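The block underneath contains the structure these notes are about, expressed in structure tokens.
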Protein chains: 2
Amino acid sequence: MNFKGKQQPVTIPRAAKTLRRTRIQEEKEEQILEAALDVFSVSGFRGSTIDQIAEVARMSKPNLLYYFRTKEAMHRALIDRVLYTWLEPLRAFDAEGNPETEIRSYIRRKLEMARDFPRESRLFANEVLQGAPHIEDELKGPLKELVDEKAEVIRAWAKSGKIAKCDPYHLIFSIWSTTQHYADFDVQVRAVLGQEHSGEGRFEDAARFLEQLFIGGLRPDRLET
Amino acid sequence: MNFKGKQQPVTIPRAAKTLRRTRIQEEKEEQILEAALDVFSVSGFRGSTIDQIAEVARMSKPNLLYYFRTKEAMHRALIDRVLYTWLEPLRAFDAEGNPETEIRSYIRRKLEMARDFPRESRLFANEVLQGAPHIEDELKGPLKELVDEKAEVIRAWAKSGKIAKCDPYHLIFSIWSTTQHYADFDVQVRAVLGQEHSGEGRFEDAARFLEQLFIGGLRPDRLET
DNA sequence: GGATAATTTGACCGATTGGTAAACATTACA
DNA sequence: TGTAATGTTTACCAATCGGTCAAATTATCC
């Protein structure tokens, strides 16, 4: 649930000869990754500098490099920490549930994540946009497997007539893109909507529209051309 | 129609005291912008270097800087050249046309652009993702005005019952995001689809799905909740 | 409280960055 | 064909890049 929840010790400081992580290590690594997320999510890997991250983290550059040996290591640690949680909504997709409910709440969850964790969304967007040089394996491995599994669920729903016949992969892509759009292209959305519509209600407006679109678009009670 | 069609002289070389552009200027600027598109569309502004562009363009760095005084100038020229064409599909959206046909062909056109001009799509994606520091004015000005105008068209269609009642802005956003996704997140799409579905048919599959989704989702002949 | 390990820092390194100066080569045009 | 304007290149610059090092500081534990 929480993006900041650790799954694994991220790195072991090079100077550390003990295996246990100290309190200071926990705190500082947290502090660094938080800053790294700020910077990487805006400028991408190539466009970000260790100095920028150091400044945001309020540490000296050598101090950063004491905890993460290289810029790559910092990026790696960040990706690892965020990736698992990022896929949670899709994992929650339940084959036994009611199709309409499942799709509706998947959209909701993805939209909430775009609202609450835009930096995480942009981190991946930047990475993928630039050819995913650091996460290719994750895409072709765990991600593909998860999507394959859920696509099969959707295909079964379509086959049994619970939803309209459709390509499950492109359905998933379209849910990803429409929801993440609000995080990744936030500046554009704001610019186009202007101040009138950029406030509180934006999230609800988007949710309502997308549910209408997908629920309506997937209604089974109509012959498809 | 053609991305490479010039609208305006892009820059005037600093050394040029004449106002006319020579044949060499035309060719070299073309060559540079072509290379710049290659590089900027992958790495974004900050992550790209003049040396990279010079290498792709097969010119020496000072030679590049003879035509474009700074990295910013190159980026600026590129944006200017591409932006107008990029909005063409939306501009073609016809108030007098049949709603279903118009939406269908808007999706088609956007999808074709994602297929045929992925670099241009990524150029903007990178820019917007990183906070649109160089194109904020274009977003708040020309883009917003165009979208406002077309949103009004869609609203009128909804009001007269030709399509379902829906938020026209979020409809436009969702068409943008779903179509551009195939350019911007190409690596991910490929990774997930695997080799089986990544071939020729991908474009047609996506088009079919999106048309089904949007046409179905916007059918007026059903009371909305 | 002192020894030891963990942490932090300033000074520094070679490579790369965006950009310049000026000499040199080429082109266009009279 | 000469020459002035245009185009290209080599050598270079200061600033910044990712990263190292050794010395100084702080936390930990007996």
Side-chain angles (χ1 to χ4, degrees), chain A residues 9-33 35-36 38-40 42-78 130 133-134, chain B residues 9-33 35-36 38-40 42-78 130 133-134:
Chain A
V10 180
T11 29
I12 290 150
R14 54 181 157 170
K17 277 164 190 154
T18 57
L19 287 176
R20 289 191 24 160
R21 292 158 51 76
T22 67
R23 174 183 51 84
I24 292 179
Q25 277 171 41
E26 303 265 4
E27 285 175 11
K28 290 301 164 76
E29 284 174 11
E30 168 63 37
Q31 193 178 333
I32 292 168
L33 290 182
D38 259 12
V39 175
F40 281 135
V42 169
S43 305
F45 183 79
R46 281 222 55 186
S48 302
T49 71
I50 302 182
D51 294 88
Q52 285 179 318
I53 299 172
E55 198 189 325
V56 174
R58 287 173 216 253
M59 294 194 215
S60 67
K61 181 167 62 168
N63 202 6
L64 278 206
L65 291 162
Y66 171 73
Y67 291 101
F68 298 94
R69 280 210 275 275
T70 63
K71 193 169 95 163
E72 292 239 0
M74 265 163 39
H75 191 255
R76 180 77 268 164
L78 195 53
Q130 306 186 1
H134 305 95
Chain B
V10 180
T11 28
I12 291 148
R14 56 183 157 169
K17 276 162 186 150
T18 56
L19 288 176
R20 290 193 20 161
R21 293 158 48 78
T22 68
R23 174 184 53 84
I24 293 180
Q25 275 169 46
E26 302 265 5
E27 284 174 11
K28 291 300 166 85
E29 284 174 12
E30 170 62 37
Q31 193 177 333
I32 291 168
L33 290 182
D38 259 11
V39 175
F40 282 135
V42 169
S43 304
F45 183 77
R46 281 224 51 191
S48 302
T49 71
I50 301 181
D51 294 86
Q52 285 179 319
I53 299 171
E55 198 190 325
V56 174
R58 288 171 213 251
M59 295 192 214
S60 66
K61 180 166 66 170
N63 202 4
L64 279 204
L65 290 162
Y66 171 75
Y67 292 100
F68 298 95
R69 279 208 278 273
T70 63
K71 193 170 93 163
E72 292 240 357
M74 264 163 41
H75 191 255
R76 178 78 269 160
L78 195 54
Q130 305 186 2
H134 307 95

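Because the structure is predicted, anything quoted here is derived from the model rather than measured. Lettering follows sequence order; numbering is per chain, from 1.
- Counting to the nearest Å, the C1' atom of D:dT20 and the CG atom of A:L64 are 15 Å from each other.
- Here the P atom of nucleotide C:dT7 and the NZ atom of A:K28 are 9 Å apart, to the nearest Å.
- Across the protein-nucleic acid pair, A:M59 atom CE and D:dG18 atom P stand 17 Å apart, rounded to whole Å.
- Residues that satisfy the side-chain contact (heavy atoms from CB on, under 4.5 Å) test with B:K71, not counting sequence neighbours, are B:F40, B:F45, B:I50.
- In this structure, B:E27 places its CD atom 15 Å from C1' of D:dT8, rounding to the nearest Å.
- One finds a side-chain N or O of B:S60 lying less than 4.0 angstrom from the OP1 or OP2 phosphate oxygen of D:dT9.
- The line from CD of B:E27 to OH of B:Y67 is 9.0 Å long, rounded to the nearest 0.5 Å.
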Give each protein N/O atom lying under 3.5 Å from an N/O atom of nucleotides 16-18 of chain C, with the pair distance.
| from | atom 1 | to | atom 2 | distance (Å) |
| --- | --- | --- | --- | --- |
| C:dG18 | OP1 | B:S48 | O | 3.2 |
| C:dG18 | OP1 | B:K71 | NZ | 3.2 |
| C:dG18 | OP2 | B:I50 | N | 3.0 |
| C:dG18 | N7 | B:K61 | NZ | 3.0 |

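- Residue pairs satisfying the salt bridge (Lys or Arg N to Asp or Glu O under 4.0 Å) criterion with at least one member in residues 44-67 of chain A, sequence neighbours excluded, are listed as follows: A:D51-A:K61.
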- Task: Using the side-chain contact (heavy atoms from CB on, under 4.5 Å) rule, take A:F68 and A:E29 through it: C-alpha gap first, then chi angles, then the decisive distance, then the call.
- Result: CA-CA 8 Å; A:F68 298 94; A:E29 284 174 11; 4.0 Å; yes
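- The CD1 atom of A:I32 sits 10.5 Å away from atom CD of A:Q25, with the distance rounded to the nearest 0.5 Å.
- Phosphate proximity of C:dT9 to A:Y66: absent, as no side-chain N or O sits under 4.0 Å from OP1 or OP2.
- Rounded to a whole Å, the CD atom of A:E29 is 14 Å from the P atom of C:dA6.
- Phosphate contact (OP1/OP2 of D:dT6, side-chain N/O of B:Q25, threshold under 4.0 Å): absent.
- The B:Y67 side chain lies nearest to D:dG7 when the options are C:dT20, C:dG10, D:dG7.
- B:N63 has its CG atom 13 Å from the P atom of C:dT26, to the nearest Å.
- Taking CD from B:Q31 and CG from B:L64, the interatomic distance works out to 9.0 Å, rounded to the nearest 0.5 Å.
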